[in-house]
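Heads up, the thing below is written out as structure tokens.
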Amino acid sequence: MSKKPPVAKKEEPAAAPAAAPAKKAEKGKREKKHKEEKGVHAMYKVEGDKVSRARPTCERCGPGYFMADHHDRYTCGHCGFTRYKQK
Ligand SMILES: [Zn+2]
């Protein structure tokens with residue numbers, strides 16, 4: 001009689017999940033007051049093969065830094081530069 005070595009039975013999970021399922025907190029969805037986020041694409045308008053920018057760029061930060069459009073001025077959120085609109 002050959003005694004087999006006791007096989008330690010490892011309780012392995014049936015299948016290790018390759019990627020943990022993203023837990024989505026779907027219930028209790030709290031609607032935050034969401035400012036309509038437009039993203040940078042809203043700053044550009046493509047007409048044919050030309051691109052026009054809807055906002056001026058910051059002259060301090062250079063191109064790529066758009067300035068916020070206020071009713072009487074433009075401001076740069078990056079450096080704080082403010083340029084008043086000419087009337
Ligand atoms: Zn700036």
Side-chain angles (χ1 to χ4, degrees):
M1 242 165 71
S2 59
K3 243 193 175 178
K4 278 181 190 166
V7 178
K9 264 205 178 171
K10 266 194 211 163
E11 295 234 352
E12 281 183 58
K23 262 193 186 170
K24 276 183 190 170
E26 293 221 65
K27 57 181 172 177
K29 219 180 188 183
R30 218 183 265 171
E31 281 293 323
K32 239 181 168 182
K33 253 196 189 175
H34 216 63
K35 242 203 232 171
E36 210 173 294
E37 223 166 296
K38 286 169 190 143
V40 285
H41 69 272
M43 306 288 179
Y44 295 96
K45 275 211 174 97
V46 181
E47 288 150 5
D49 48 23
K50 273 188 199 164
V51 175
S52 63
R53 286 155 186 87
R55 306 254 191 293
T57 54
C58 179
E59 43 201 82
R60 231 192 255 173
C61 299
Y65 289 94
F66 287 102
M67 299 180 79
D69 189 6
H70 295 277
H71 63 283
D72 62 342
R73 69 203 187 279
Y74 294 107
T75 60
C76 172
H78 189 72
C79 67
F81 179 75
T82 304
R83 191 170 69 190
Y84 285 89
K85 290 179 185 176
Q86 287 111 338
K87 276 171 195 167

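Just the heavy atoms: all of them, side chains too, but no hydrogens, waters or symmetry mates, feed the values below. Counting starts at 1 for both ligands and their atoms, following the listed order.
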field: Euclidean distance, R83 CZ relative to C76 SG, rounded to 0.5 Å
entry: 11.0 Å
task: Anything under 30° is parallel, anything over 60° is perpendicular, the rest tilted; go ahead and classify H78 against Y65.
output: tilted
- prompt: Distance from R55 atom CZ to D69 atom CG, nearest 0.5 Å?
  reply: 5.0 Å
message: Can you confirm whether K85 is buried at NZ, in the sense that more than 12 heavy atoms of other residues, nucleotides or ligands lie under 6.0 Å from that atom?
response: yes
message: Working to the nearest 0.5 angstrom, can you tell me the gap between H70 NE2 and Y84 OH?
response: 10.0 Å
- line: Protein-derived N, O or S atoms sitting under 2.8 Å away from the Zn ion (ligand 1) total 4
statement: When rounded to the nearest 0.5 Å, the distance separating CE of M67 from CZ of R60 is 9.0 Å
